[in-house]
Amino acid sequence: MDLLEFARGPAMQWALILLVLGTCWRIAGIVFLKRKPDLSEPRSHGQMAGALRTIFSRSVPARAFRSRVLYSNLLGYTFHIGLAIVVFAYQPHILWFESILGFQWPALPNAVISVAAVVTLFSLVALLVKRLTSPVLRLISNFDDYFSWAVTVAPLVTGLMAVADVGFGLRYETLLAVHLLSVWLLFAWLPFGKLGHAFLVFLSRGTTGALFARRGART
Amino acid sequence: MHQGKTPETLGEELRRRGMSRRTFLKFCAAVASSMALPATMAPVMAEALAKARRQSVIWLSFQECTGCVESLTRSYAPTLESLIFDFISLDYQHALQAAAGHQAEEAREAAMKEHWGKYLVIVDGSIPLKDGGVYSTVAGETNLDTLRHVAEGAAALISVGTCAAYGGLPKAHPNPTGAAAVTDIIKDKPVINVPGCPPIPEVMTGVIANFLTFGRLPEMDALHRPIAFFGDTIHDRCYRRPFYRRGQFAKRFDDEGARNGWCLYELGCKGPVVHNACATTKWNQNLTFPIQSGHGCIGCSEPDFWDKGSFYAPLSTGRWGSAEGIALAAAVGTTVGIGSALLSRARQSDIIRKG
């Protein structure tokens, strides 16, 4: 079995298993946690509305902090949107999703994907520079932050290398295999580190929103 | 087919046959071009070939379908006839030789004895190793014994076709005969692989012509393939590549995209990961190749191509295993999650009770 076959077969199967197992573990582990009993009189019964409102309101920075978080916010949005374009609008990726979901959707031309990937990559590098140069951010960063950054950037770099067929001596099939393996590493790591926000972000925002609504706080 | 014990040089023989120097140079230019050699090599090749003596070749056919020989007989530059009659002495080949039975085996032994250490061995077909190699025998001898015996006195070996090069179809899962490639067995002789199911005839004849000219095998890659023919992928040289770049793909074999000649990636073309000369040397006198005829590359010249999933599954799809495996992972993950939450609850209750 060559590297590409390993990447397309067993490595992919195990990465998916780890992704699903870890995601279910994290979600079930949080959902079934003991809740602190709130004995106070509820100020509002619109807890569901509060949860939904918070999910959206927290996507926009509060006016008071807007200027201070503008840089990270803009770059954050840029790389999230860029990543979504690369992952969901590139034809070979759509075919991969189709092989699992059974349906596909229209793709964007390769040139658009390449531009999105490069912009995403630069945004991620700029955010790392900020993390390294800001004393506060550096202080609160740990292995999880840097490793999560690395496993997010790796598929972008290896994917661009495979598309451009720039492998510094490596053949295309090796580049493709390395790209696939970097994606599987992202899959395997995703539920266990801070990248878990991919499926926990709305759960945590909703919980906070519902709690705040019960107490009558503005969210 | 062997001509005699003291063969004249090829130059003398060609002149005797009435081949002009111009024709001979044209032939050498065609071979040099197919091997990606510079045009200046044609006269050098002509000179070397003129001085060379006819090369003794022993062709061994094992677990094969004769498709490789069929392909070789369709070669046009140089033609098989010109190779056999002008440049090599094909001393043993089941399908093409006139001799049969014991006479055939005797001819092989005689050629081996006469050209010991100098003859070329061409192998097509894989070699069964299971149960002592009993699944394929010729004249009561297993293919494994024949290969070892004949390879002992060979100058070099050429594995023709994917079966000889990598085990091919006989090696496909579950490989009932324990089929193996020549390179799995012969370790002490130079071996070159010319894979393909079948291989491109010009690649086969080009490799033979290279050996005749330079007295050695051409430069090879890690899989023992001649770099001149296997250096690029099909995708690298495919005329449909601009459609791939633009994201224009045929979705079905009979849709508008297919009729417009768009990229066949979505229909399972394996061109991006297959190394061969199909897109440049092509087939049927440089007329066409599978992608040009509307079908994606199936990667027949790559190791284990038969076991790499459907020919029609796009390259990026992978094999994600069974839904049962994923469902089991979800069940285990949920159970572990609930378990850890319950453990946490018990601890919390314990703390509250104590505190």
Side-chain angles (χ1 to χ4, degrees), chain A residues 1-2 4-5 7-36 89-100 104 106-114 162-163 165 171-174 176-177 179-180 183-184 191, chain B residues 221-223 231-233 235-236 244-249 251 263 265-266 268 270-275 299 302-304 307-310 313-323 325-349 352:
Chain A
M1 182 183 290
D2 57 31
L4 182 58
E5 279 311 291
R8 294 182 72 207
M12 176 174 153
Q13 289 159 21
W14 279 106
L16 283 172
I17 284 173
L18 281 173
L19 176 69
V20 171
L21 192 146
T23 305
C24 293
W25 178 348
R26 291 291 301 274
I27 291 175
I30 290 169
V31 168
F32 289 97
L33 270 180
K34 191 183 183 80
R35 303 256 164 84
K36 199 166 74 175
Y90 182 46
Q91 188 63 26
H93 295 169
I94 294 171
L95 293 172
W96 183 83
F97 283 112
E98 189 194 15
S99 71
I100 290 177
Q104 62 164 275
L108 287 172
N110 292 6
V112 177
I113 304 296
S114 297
V163 167
D165 206 357
R171 288 173 178 273
Y172 175 80
E173 56 264 40
T174 310
L176 185 60
H179 173 59
L180 291 175
V183 177
W184 309 148
Chain B
D221 66 8
L223 291 174
D232 294 324
T233 64
H235 190 62
D236 285 335
Y244 174 86
R245 288 209 189 97
R246 288 200 291 269
Q248 290 176 309
F249 300 97
K251 310 274 181 194
C263 180
Y265 186 94
E266 281 197 37
K270 305 293 183 287
V273 295
V274 174
H275 292 259
E302 291 294 317
D304 304 322
D307 288 326
K308 288 182 176 174
S310 168
L315 202 54
S316 62
T317 53
R319 291 192 298 280
W320 65 284
S322 63
I326 303 294
L328 188 67
V332 170
T334 308
T335 310
V336 173
I338 293 172
S340 64
L342 291 177
L343 204 65
S344 169
R345 278 170 179 245
R347 267 198 211 139
Q348 278 177 300
S349 305
I352 290 165

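Here is the naming used below: chain letters follow the sequence lines, and residue numbers restart at 1 for every chain. What's counted below: heavy atoms across the whole structure, side chains too, no hydrogens, waters or symmetry copies.
- Per-residue counts of heavy-atom pairs under 4.5 Å with chain B were compared for A/R26, A/K34, A/H93; the largest is that of A/K34.
- Only the side chain of B/S344 comes within less than 4.5 Å of a heavy atom of chain A; its backbone N, CA, C and O stay farther away.
- Across all non-hydrogen atoms, the minimal contact from B/S340 to A/G29 is OG-CA, 4.1 Å.
- The distance from the CZ atom of A/F32 to the OG1 atom of B/T334 is 8.5 Å, given to the nearest 0.5 Å.
- More than 12 heavy atoms of other residues, nucleotides or ligands lie within 6.0 Å of CZ in B/R246, so this atom counts as buried by the packing criterion.
- Shown here are the side chain to side chain contact (heavy atoms under 4.5 Å, CB included) partners of A/A107, two or more places apart in sequence or in another chain: A/Q91, A/I94.
- No side-chain heavy atom of B/I326 sits under 4.5 Å from any side-chain heavy atom of A/Q13.
- Most heavy-atom pairs under 4.5 Å with chain A: of the set B/A313, B/G309, B/G333, B/S349, this distinction falls to B/G333.
- When every heavy atom of A/I17 is checked against every heavy atom of B/G325, the shortest pair comes out as CG1-O, 4.3 Å.
- In this structure, the portion of A/Y90 lying under 4.5 Å from any heavy atom of chain B is its side chain and not its backbone.
- Rounding to the nearest 0.5 Å places CD of A/Q104 at 4.5 Å from NZ of B/K251.
- Contact count against chain B (heavy-atom pairs under 4.5 Å) is highest for A/I100 among A/L16, A/I27, A/V163, A/I100.
- Contact between B/S316 and A/P92 at its shortest, heavy atoms only, is OG-O, 2.6 Å.
- For chain B, no part of A/I113 is nearby; none of its heavy atoms comes within less than 4.5 Å.
- Contacts with chain B were tallied for A/G22, A/P109, A/S99; A/S99 has the most, counting heavy-atom pairs under 4.5 Å.
- Looking at B/Q348, the atoms closer than 4.5 Å to chain A (heavy atoms on both sides) all sit in the side chain, from C-beta outward.
- B/A341 approaches A/L33 most closely through the heavy-atom pair CB-N, 3.9 Å.
- In terms of heavy-atom pairs under 4.5 Å with chain A, the best-connected choice from B/L315, B/D307, B/V274 is B/L315.
- Of the candidates A/M12, A/E98, A/R8, A/R8 is the only one forming a side chain to side chain contact (heavy atoms under 4.5 Å, CB included) with B/T317.
- In terms of heavy-atom pairs under 4.5 angstrom with chain A, the leader among B/D304, B/I338, B/V332 is B/I338.
- Classification of B/D236 and A/R171 as a salt-bridged pair fails, no side-chain N sitting under 4.0 Å from a carboxylate O.
- Residues satisfying the ring-ring contact (aromatic ring centres under 6.0 Å, His included) criterion with B/H235, sequence neighbours excluded, are B/Y244.
- Note on A/L18, A/L95, A/I30: by heavy-atom pairs under 4.5 Å with chain B, the leading option is A/L95.
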